[in-house]
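Contents: one structure, followed by commentary.
What you see below is based on every heavy atom in this structure, not just the backbone, and it leaves out hydrogens, waters and symmetry mates.
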Amino acid sequence: MLLKTFISGYIPLASQTDIVTILIVVVVFFSFLLILGVRKSYFLKKENDRLNKMNTTIEDEKEKPYKDFTDGHMYGGN
C-alpha cells in the first residue's frame with residue numbers, strides 16, 4: 001500500500017485526462033480505418049456485380065458452336 005501511494009503520488013507516469021485523450025485519439029483513428037474499409041468493401045462488391053454481369057455475356061459467346069477459321073488460311077487445310 002505504501003509503495004502504491006509513493007508511486008502514484010510522487011512519480012505520475014500519466015494523468016487520467018492524458019490516458020482518456022490518448023484513448024479517444026486511438027478510437028477515432030481506428031474508427032476512420034474501419035469506415036474506409038467498409039466503404040472500399042462496398043465499392044468492390046458493386047464492381048464485382050458489374051463484372052459478373054459482363055461475364056454472362058462472355059459465357060453466352062462460349063456456348064456458340066465452334067467455327068473453324070483456318071479454312072481460308074494459307075497454311076491450313078484447303
Side-chain angles (χ1 to χ4, degrees):
M1 182 72 176
L2 183 62
L3 182 62
K4 183 178 178 183
T5 307
F6 177 74
I7 291 175
S8 65
Y10 296 107
I11 309 174
L13 297 176
S15 67
Q16 187 175 2
T17 56
D18 292 339
I19 293 172
V20 170
T21 305
I22 291 170
L23 286 175
I24 289 172
V25 168
V26 168
V27 166
V28 167
F29 176 73
F30 282 112
S31 297
F32 178 72
L33 288 179
L34 180 67
I35 290 169
L36 285 178
V38 169
R39 182 177 170 262
K40 183 165 186 140
S41 174
Y42 172 74
F43 285 127
L44 284 174
K45 185 173 181 184
K46 271 179 68 173
E47 182 73 11
N48 190 26
D49 291 341
R50 186 183 68 82
L51 290 174
N52 279 337
K53 286 179 185 176
M54 283 178 49
N55 194 19
T56 58
T57 59
I58 293 172
E59 287 176 0
D60 292 341
E61 292 175 4
K62 286 182 182 178
E63 292 175 2
K64 292 181 182 176
Y66 178 72
K67 180 181 177 187
D68 190 13
F69 60 91
T70 60
D71 283 341
H73 199 272
M74 66 183 201
Y75 298 117
N78 292 331

Spell out, as yes or no, whether a donor-acceptor pair under 3.5 Å connects the side chain of T21 to the backbone of T17. yes

Does the pair F32 and L36 meet the rule for a side-chain contact (heavy atoms from CB on, under 4.5 Å), with working shown? CA-CA 6 Å; F32 178 72; L36 285 178; 3.4 Å; yes

State the CD1-CD distance between I19 and Q16, to the nearest 0.5 angstrom. 7.5 Å

For F30, the option from V26, V28, L34 that meets side chain to side chain contact (heavy atoms under 4.5 Å, CB included): V26

Tell me, yes or no, whether the heavy-atom count around E47 atom CD, taken from other residues, nucleotides or ligands under 6.0 Å, exceeds 12. yes

Would you indicate whether R50, at its atom CZ, is surrounded by more than 12 heavy atoms from other residues, nucleotides or ligands within a distance under 6.0 Å? yes

